[in-house]
There are 2 protein chains.
Amino acid sequence: MLPDQLSNTFAALADPTRRAILARLAMGEASVKELAAPFEMSLPAVSKHLKVLERARLIVRGRSAQWRPCRLEAKPLAEATDWLEHYRLLWEQRFDRLDDYLLELQNNPESRG
Amino acid sequence: MLPDQLSNTFAALADPTRRAILARLAMGEASVKELAAPFEMSLPAVSKHLKVLERARLIVRGRSAQWRPCRLEAKPLAEATDWLEHYRLLWEQRFDRLDDYLLELQNNPESRG
DNA sequence: TAAATATTAAACTAAATGGTTAATTAACCT
DNA sequence: AGGTTAATTAACCATTTAGTTTAATATTTA
C-alpha cells in the first residue's frame, strides 16, 4: 500500500534520532552539521534521517551559501496529534464507563449482570 | 539501536491497517476474525499486525475457547500523545512569537533588527 | 586557482516489514 | 472419533530501513 500522510508521519516519528532532531528544531532552524553534532553516527546517516523527515513533510529545507538549514513544519505533526487526541477521548470514555460500572458495583452489588 | 517504547508505539501506528484495528478496538474487545473482516488481506497478515500491536504493548490478548479476544491498552498510546502534545506546545509557542514579531513589524517598522 | 567546509550521492550490507500460501494447533460440536 | 471453526506457525518473497565508507558537488575563502 502506498503510505498516506499519517503513516509517513508516524513512521518518521518511530526513530529516536529523528525525534531528537525534531525536538532540536522546535528550538529553531539548524544546519545539517549542527543537527548531527549530538549523535555518534556518520553525517550521511543524519542526512538520510533528514531526507526521511523531508519526504514526510515534517521539515522543509532552505538554502544559504553551502548550508541547507532545516525548519520544522508543524501541520503534519498537528494532524498526527489530532488523530491520537481523537482516540484518546474514545479510550478515556471507555475507561470512564468502566470506572462508573465498578463504582456502581461497589455501591450496589446486586446490579451486577 | 534497540527500539524504545515510544519508537515501538509510533512504528505500530505507522500503518493504516493497524490504525484501523486500534480504532475498532476503541469500541471494545474483538476476536481476530472480527478484526480481520473489513480488510482484503489474509488472516495470517492480520494476525501479524496484531502481533506487532501486541509487541508494542498497544493491545493485550485474552483467551476464551478458540477465540483470542484483543483489547486496547491505553497507556503507551497516552505516552505517544503526551510526546506530541509536549512538542505541539513548543511549535505553537514559536509560531506565536513569529506572529508577535510580524505584528510588531507592521505597527512599528523601525523596530526591525 | 586551490583549499576548506557543508552536504549529498553511490554502492554496499544486515535486518526488518508486509504480504502470500500451506500446514499445524487448539477448542468446540456432533 | 471426526468435522468445523479460530488462530498461529512455517517457509518464502520483495521492498524498505538504517547504517557504513568512499566519492562527488557546491560554495566560500585565501
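What you see is a predicted model; the values in this text were computed from it and never measured. Chain letters run A, B, ... following the sequence lines, proteins first, then strands; residues in each count from 1.
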**Study point:** Under-4.0 Å side-chain N/O to phosphate OP1/OP2 contact, R18(A) with dA18(D)
**Key:** yes
Check your understanding: For the pair made of CD1 in I21(A) and C1' in dT7(C), what is the distance, rounded to whole Å?
Key -> 14 Å
Check your understanding: Taking the nucleotide of DNA chain D with the closest heavy atom to each, which residue, A65(A) or S42(A), is nearer the 5' end?
Key -> S42(A)
Point to revise | Flag side-chain contact, heavy atom, 4.5 Å: L6(A) against W83(A) | key: yes
Check your understanding: Looking at side-chain heavy atoms only, is the closest gap between R18(A) and V52(A) below 4.5 Å?
Key -> yes
Revision key, fill the gap. Per-nucleotide protein contact along nucleotides 1-10 of chain D, 5' to 3', at a 4.0 Å heavy-atom cut-off (B base, S sugar-phosphate only, - neither), is -----SSBB-
Practice item. Calculate the interatomic distance between E40(A) atom CD and dA18(D) atom P; express it in whole Å. Key: 18 Å
Review point. Any side-chain heavy atom of L84(B) within less than 4.5 Å of one from E85(A)?
Key: no
Practice item. Indicate whether the side chain of S7(A) and that of R19(B) have a donor and an acceptor atom separated by less than 3.5 Å. Key: yes
Review point. dT21(D) P sits how many Å from M41(A) CE, rounded?
Key: 13 Å
**Study point:** Q66(B): side chain to side chain donor-acceptor pair (under 3.5 Å) partners, not counting sequence neighbours
**Key:** none
Review point. Rounded to the Å, how far apart are R55(A) CZ and dT17(D) C1'?
Key: 12 Å
**Study point:** Selection residues 24-78 of chain B - residue pairs positive for ring pair (Phe, Tyr, Trp, His ring centres under 6.0 Å), sequence neighbours left out
**Key:** none
Study note, to complete from the structure: When rounded to whole Å, the CZ to C1' distance for the pair F39(B) and dG18(C) reads 14 Å
